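Numbers for residues simply follow the sequence, beginning at 1. Treat the numbers as computed from the prediction; the structure is a model and nothing was measured.
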Amino acid sequence: MRTLLLGCASLLLSSCMTIFTGTTETILVNRDTTEPVTIVTADDTIVSSDQPISLTLKKKHLNQPIHFSSPHYRYQSLIPGRKADWLGAYFDLYSCGIGLAVDAGTGALYHPAEHTYYIAAVSKDSTEAQLPVNDRRVPSPLKPRCSTFYHHELRLQGGLGMDFNNTSYNDMRDRVCTELKMQNNLLLDLGLNAAIGLAYFYHFDERWAAGLSVGTSRREADDLVHYSEKDANGERHNEGGMMHCTAWYLLPAAKCHWLFFSGCRLYTKVSAGLLWQHNWFSDSANTPPPPHQRYNERGCHLAYQFSPLCIEVGKTHLHAFAELGYGMEGIFSAGISYHF
């Protein structure tokens, strides 16, 4: 019984990758020489005359150097490099994340960057300097790539689902409904709003940037209807109107890039600033009331935008981006940017 419980506990604290794919991997190393070679890895020292040389390494040591030597030649050192198994990592996270920590610790989460390598060799009698290390390590996605870097960025973007100052908007709509005896026509109240904006960012480095966003948005969400009594012919002559809202926003912003791939970066953006909002009601002829009337209001309010998941694609001057978040720039926004 105790053995069974220990076995179950070990399974809970392990993962499919560690159990089924193992913690070692075999790579092949090609060379131009034929004499036996002494190979020093992070775990062992072996002698081989095979061509190519077959090496079985622990996955967690794939980023460690391997040294080669023979009586008559000098060889490059080799760092095989490793890449993550993202599909396996997803299933580890699906299992409450316990397997992810286990697989990262045992190295089962990784595979070699390549399966076949080549190392150069020179005669020990040669005056050639030390051969460079054959470094095949894959750059970490958490570190900026060595790409072309520009300090300045100009953006044009559009968004859907802006967050207006709903308190002032709803107060006016409720007052219109109460004083003009109207009701909200839910069949026509789509609640959609869109915006367009410009932004400038200054990039301090490949990770951090700060800037300013300015834009405008319009909302026509509430169709209000006054239901009249039936006339002598049994017909209704309904009167109605529309609630409108326009806004301008000015948002100082900051963004942090946190995941880097070739030609693609993920980032998070935070903004906070001011919103100038205009709410008004127009009748069925779409005629707005004069400015002095009580159904026409302007006000200044606080505004913000928090976009935790954003992606930017591009390698040179012109990039495309898309952002998911909440606030004045929308639930979803996308656009193009020019870097210089």
Using ring centroids (six-membered ring only for Trp), state whether F204 and Y202 fall under 6.0 Å.
yes
Report the C-alpha separation of I66 and V40 in whole Å, then their side-chain angles, then the decisive distance to 0.1 Å, and conclude whether the side chain to side chain contact (heavy atoms under 4.5 Å, CB included) test is met.
CA-CA 6 Å; I66 303 171; V40 180; over 6 Å; no
Less than 3.5 Å apart, any donor N or O on the side chain of H203 or Y150 sitting next to an acceptor on the other?
no
Side-chain donor-acceptor pair under 3.5 Å between E35 and H72, yes or no?
yes
Students often mix this up, so state it plainly: with edges at 30° and 60°, are the rings of Y267 and H257 parallel, tilted or perpendicular?
tilted
Taking Q305 for its side chain and M328 for its backbone only, find out whether a donor-acceptor pair lies under 3.5 Å.
yes
Is any side-chain heavy atom of I119 less than 4.5 Å from a side-chain heavy atom of R31?
yes
Can you tell me if S333 uses its side chain to pair, donor with acceptor, with the backbone of G330 under 3.5 Å?
no
Residue list, salt bridge (charged side-chain N to carboxylate O under 4.0 Å, His left out) with K269, at least two apart or on another chain
E323, E329
Nearest-0.5 Å distance that lies between atom CG in L275 and atom CG in L250:
10.5 Å
Using distance alone, with no hydrogens and no angle criterion, decide if Y295 and E179 have a side-chain donor and acceptor under 3.5 Å apart.
yes
Looking only at side chains, do D32 and Y118 share a donor and an acceptor under 3.5 Å apart?
yes
Given H244, which of F281, W280, F164 fulfils the ring pair (Phe, Tyr, Trp, His ring centres under 6.0 Å) condition?
W280
Between P252 and G273, which heavy-atom pair has the shortest distance, and what is it?
CD-CA, 4.0 Å
Less than 6.0 angstrom separating the ring centers of H115 and Y117, yes or no?
no
Show the numbers, then the answer: is there a side chain to side chain contact (heavy atoms under 4.5 Å, CB included) between C310 and K255?
CA-CA 10 Å; C310 314; K255 60 178 181 173; over 6 Å; no
Parallel under 30°, tilted from 30 to 60°, perpendicular over 60°: which one fits the rings of F340 and Y338?
parallel
Test item: side-chain donor near acceptor, S337 and H339, under 3.5 Å:
yes
Would you call the rings of F68 and Y75 parallel, tilted or perpendicular, where under 30° means parallel and over 60° means perpendicular?
tilted
